[in-house]
Protein chains: 2
Amino acid sequence: MDNERREEAVTILRKAGFRATEPRLLVLSFLQNAKYPVSIQEIVAGMGNKSIHQVTVYRILHALKHAGIVTQVDFRHGRSYYELRDEQHDHHHIVCVKCGRVEDFVGCDYERLAAKALKQARGFATIVSHSLELFGMCNTCSKRKVRAA
Amino acid sequence: MDNERREEAVTILRKAGFRATEPRLLVLSFLQNAKYPVSIQEIVAGMGNKSIHQVTVYRILHALKHAGIVTQVDFRHGRSYYELRDEQHDHHHIVCVKCGRVEDFVGCDYERLAAKALKQARGFATIVSHSLELFGMCNTCSKRKVRAA
DNA sequence: TTGTATGCAAATTATTTGCACTCTC
DNA sequence: GAGAGTGCAAATAATTTGCATACAA
């Protein structure tokens, strides 16, 4: 039910100290439905009749990111992409360098990685976050890569 | 000897099919001396009396990246950073979220990671590159983090 | 009511392209 | 000399900030 989701979104916002405004609920709902990270522009474009200003979306995402509700990722497309933070699985993305298609994967073994890195980087005390993206070719683009540069 | 380095730089450029121009040699030399990835702005600022236009630096880096000589990394600072590609070690960076300090680390176990990811992402045929950054607190910033938000 | 949040305008900043001139090969 | 490369101007674009108005609590 859409109403359940809305309530869930309201709760998320309240818990983080935000007011449950229409724009925020719309953005959250959009993120909940998105299968993969989306850009500010995609969110604005996907609002249909309920228009939200790009700046507002920017500020909402900025706040949600700060509150740890949303994660920002870099797909090397010249802009940022956002998704709801996945608390269960520390997942990452594979991005097709040709068409931009995205898929998830888990198992980056963050604990081991962080421990190993801290052992080497003597000037660092703690690791607080990480980013990891793989870039490749999806099956479709891999086939039709015949075209020369 | 600086002359040796210059010769080395000339060779690198020629091999990649570029002409060994002054701006390119200066940028390469700057990258060779840099301990950590630098931004276009830092390169321009670091040229001293030999001024190179920002656009030129941009184009040089763009070309060198394309040729596989330079690597581009994202430190979440709103701009790109560049470093000479390290063919020996697949190293990555830890960035201090407070002061921006950077250190290297190796051992991301790329082969294993790529294999694991490909097994999960059924729509992908190959992985061609990856990006991995850790964000943390350096010893200095870690101590003086007393200041409240 | 009250202070947070949004919309609109506009500033910033990084990136990118067009074009005429310069310099390497 | 020919064509690659550079500098300058200017176009794109994404991000960010100021401020007056609107809305949640």
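A, B, ... follow the sequence lines: proteins, then strands. Residue 1 opens every chain. As the structure is a computational prediction, the values presented were derived from the model and not from experiment.
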For atom [atom1] of [X] and atom [atom2] of [N], their distance in whole Å:
| X | N | atom1 | atom2 | result |
| --- | --- | --- | --- | --- |
| Leu61(B) | dT16(C) | CG | C1' | 14 Å |
| Leu25(A) | dC23(D) | CG | P | 15 Å |
| His66(A) | dA5(C) | NE2 | P | 14 Å |
| Leu26(A) | dT6(C) | CG | P | 11 Å |
| His62(A) | dT6(C) | NE2 | P | 13 Å |

Review point. Checking Asp104(A) side chain against Gln120(B) main chain: does a donor-acceptor pair fall under 3.5 Å?
Key: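 Not confirmed, Asp104(A) side chain does not pair with Gln120(B) backbone.
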Check your understanding: Among all residues two or more places apart in sequence or in another chain, which pass the side-chain contact (heavy atoms from CB on, under 4.5 Å) test with Tyr81(B)?
Key ->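 In terms of side-chain contact (heavy atoms from CB on, under 4.5 Å), with neighbours along the sequence ignored, Tyr81(B) is linked to Pro37(B), Ser39(B), Glu42(B), Val73(B), Phe75(B), His77(B), Arg79(B).
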Point to revise | Residue pair Cys99(B) / Cys96(B): nearest heavy atoms and the distance that separates them | key: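 Distance-wise, the nearest heavy atoms are N-SG, 3.5 Å.
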**Study point:** Lys/Arg N to Asp/Glu carboxylate O, Lys119(A) vs Glu103(B), below 4.0 Å
**Key:**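 Looking at Lys119(A) and Glu103(B), the cut-off is not met.
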Review point. How does protein contact run along nucleotides 5-15 of chain D, one letter per nucleotide 5' to 3', with B for base contact, S for sugar-phosphate only, - for none, heavy atoms under 4.0 Å?
Key: SSBBB----SS
Point to revise | Joint hydrophobic cluster, Leu113(B) plus Val106(A), side-chain heavy atoms closer than 4.5 Å | key: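 No: no chain of side-chain contacts under 4.5 Å links Leu113(B) to Val106(A).
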Review point. Less than 4.5 Å apart, any side-chain heavy atom of Met47(A) and any of Ile43(A)?
Key: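 They are in contact (side-chain heavy atoms under 4.5 Å apart), so the answer is yes.
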